[in-house]
Amino acid sequence: SQQGEEDPQALSIQEGENATMNCSYKTSINNLQWYRQNSGRGLVHLILIRSNEREKHSGRLRVTLDTSKKSSSLLITASRAADTASYFCATANDYKLSFGAGTTVTVRA
Amino acid sequence: ETGVTQTPRHLVMGMTNKKSLKCEQHLGHNAMYWYKQSAKKPLELMFVYNFKEQTENNSVPSRFSPECPNSSHLFLHLHTLQPEDSALYLCASSQVSVAGSAETQYFGPGTRLLVL
């Protein structure tokens, strides 16, 4: 069943700008993960944040987690054309992941 | 490359055909997954195998039949599919922690299936 919901559904930005997308979920989690998918391809893991962590960085990516609000955000700084993709959050509270419907990000050159 | 391969990459089949999708992981993981991705819908988890034992069958129609002969290989056998089964089928693997929590999943490139 779907656990995470991303917002917005679609985002169009200029190269060099920052992109922010949010994920809300309903039940308690062990960790929350963000994935990227280029058109028609498999998903690529970006970052995992555990329920006892509040913020995590990886290169140009910054993820926050607020368990009291059951929400997470993914920030991509200084976007590039190659960042054009769909981004999914996934929540884990057992051995399964529950994915949201994703945010489609288009970076214009 | 993520260490998870899927074949074939594209498949067109009629409703009366039988075909199989294959997934192989080279990462030494103990869990493998089949997902279905349809346009504009969240990924749907179909089957989970933990240590080669099927631990999840998410109300998937019997025309989809999984097989996990060992911890590195996973198959999805297809029989008398319907046009609405056309989708991208993704395989993933992960190392499930001792506590049983899902860690990072590594996805294959997917099989794009078209049922005519």
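Reminder, nothing fancy here: chain letters follow the sequence lines and each chain counts from 1. Computed from a predicted model, the values in this text were never measured in an experiment.
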* To do: Select one option (side chain, backbone, both, neither) describing which atoms of A:Q37 are under 4.5 Å from chain B's heavy atoms.
  =>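 Answer is side chain: those atoms of A:Q37 sit under 4.5 Å from chain B.
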
* Let me know if A:L43 has heavy atoms under 4.5 Å from chain B in its side chain, its backbone, both or neither. =>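 For A:L43, backbone and side chain are both near chain B.
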
* To do: Please report the closest heavy-atom contact between B:A102 and A:N31, naming both atoms and the distance.
  => O-ND2, 2.8 Å

* Asked: What are the two closest heavy atoms between B:L88 and A:R41, and how far apart are they?
  -> CD2-O, 4.0 Å

* To do: Can you measure from CD (B:Q37) to CZ (A:F99) and round to the nearest 0.5 angstrom?
  => 9.5 Å

* Asked: Hey, what do you get for CD (A:Q33) to OG (B:S94), rounding to the nearest 0.5 Å?
  ->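 Here the rounded value is 8.5 Å.
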
* With a 4.5 angstrom heavy-atom cut-off, which part of B:Y33 approaches chain A: side chain, backbone, both or neither? ->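 For B:Y33, side-chain heavy atoms alone lie under 4.5 Å from chain A.
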
* Asked: Checking heavy atoms, do the side chain of B:E103, its backbone, both or neither come under 4.5 Å from chain A?
  ->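 Both the backbone and the side chain of B:E103 come within 4.5 Å of chain A.
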
* To do: Look at atom CZ of A:R80 and say whether more than 12 heavy atoms of other residues, nucleotides or ligands are closer to it than 6.0 Å.
  =>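 12 or below, so no.
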
* Are more than 12 heavy atoms from other residues, nucleotides or ligands located less than 6.0 Å from atom CD of A:E15? ->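 Yes - once you tally the heavy atoms of other residues, nucleotides and ligands closer than 6.0 Å, there are more than 12.
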
Applying the 4.5 Å side-chain criterion to the ILVMFWY set and letting contacts propagate, would [X] and [Y] be lumped into a single cluster?
X	Y	result
B:F107	B:V48	yes
B:L113	B:V12	no
A:Y87	A:I47	yes
A:L48	A:Y25	no
A:L46	B:Y106	no

* Within residues 54-73 of chain A, residues adjacent to chain B where the heavy-atom gap is under 4.5 Å -> none

* Among A:S86, A:G42, A:A92, which residue forms the greatest number of heavy-atom pairs with chain B at distances under 4.5 Å? ->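 Looking at each of A:S86, A:G42, A:A92 in turn, A:G42 comes out on top.
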
* To do: Check whether any side-chain heavy atom of B:Y35 sits under 4.5 Å from a side-chain heavy atom of A:L97, and report yes or no.
  => yes

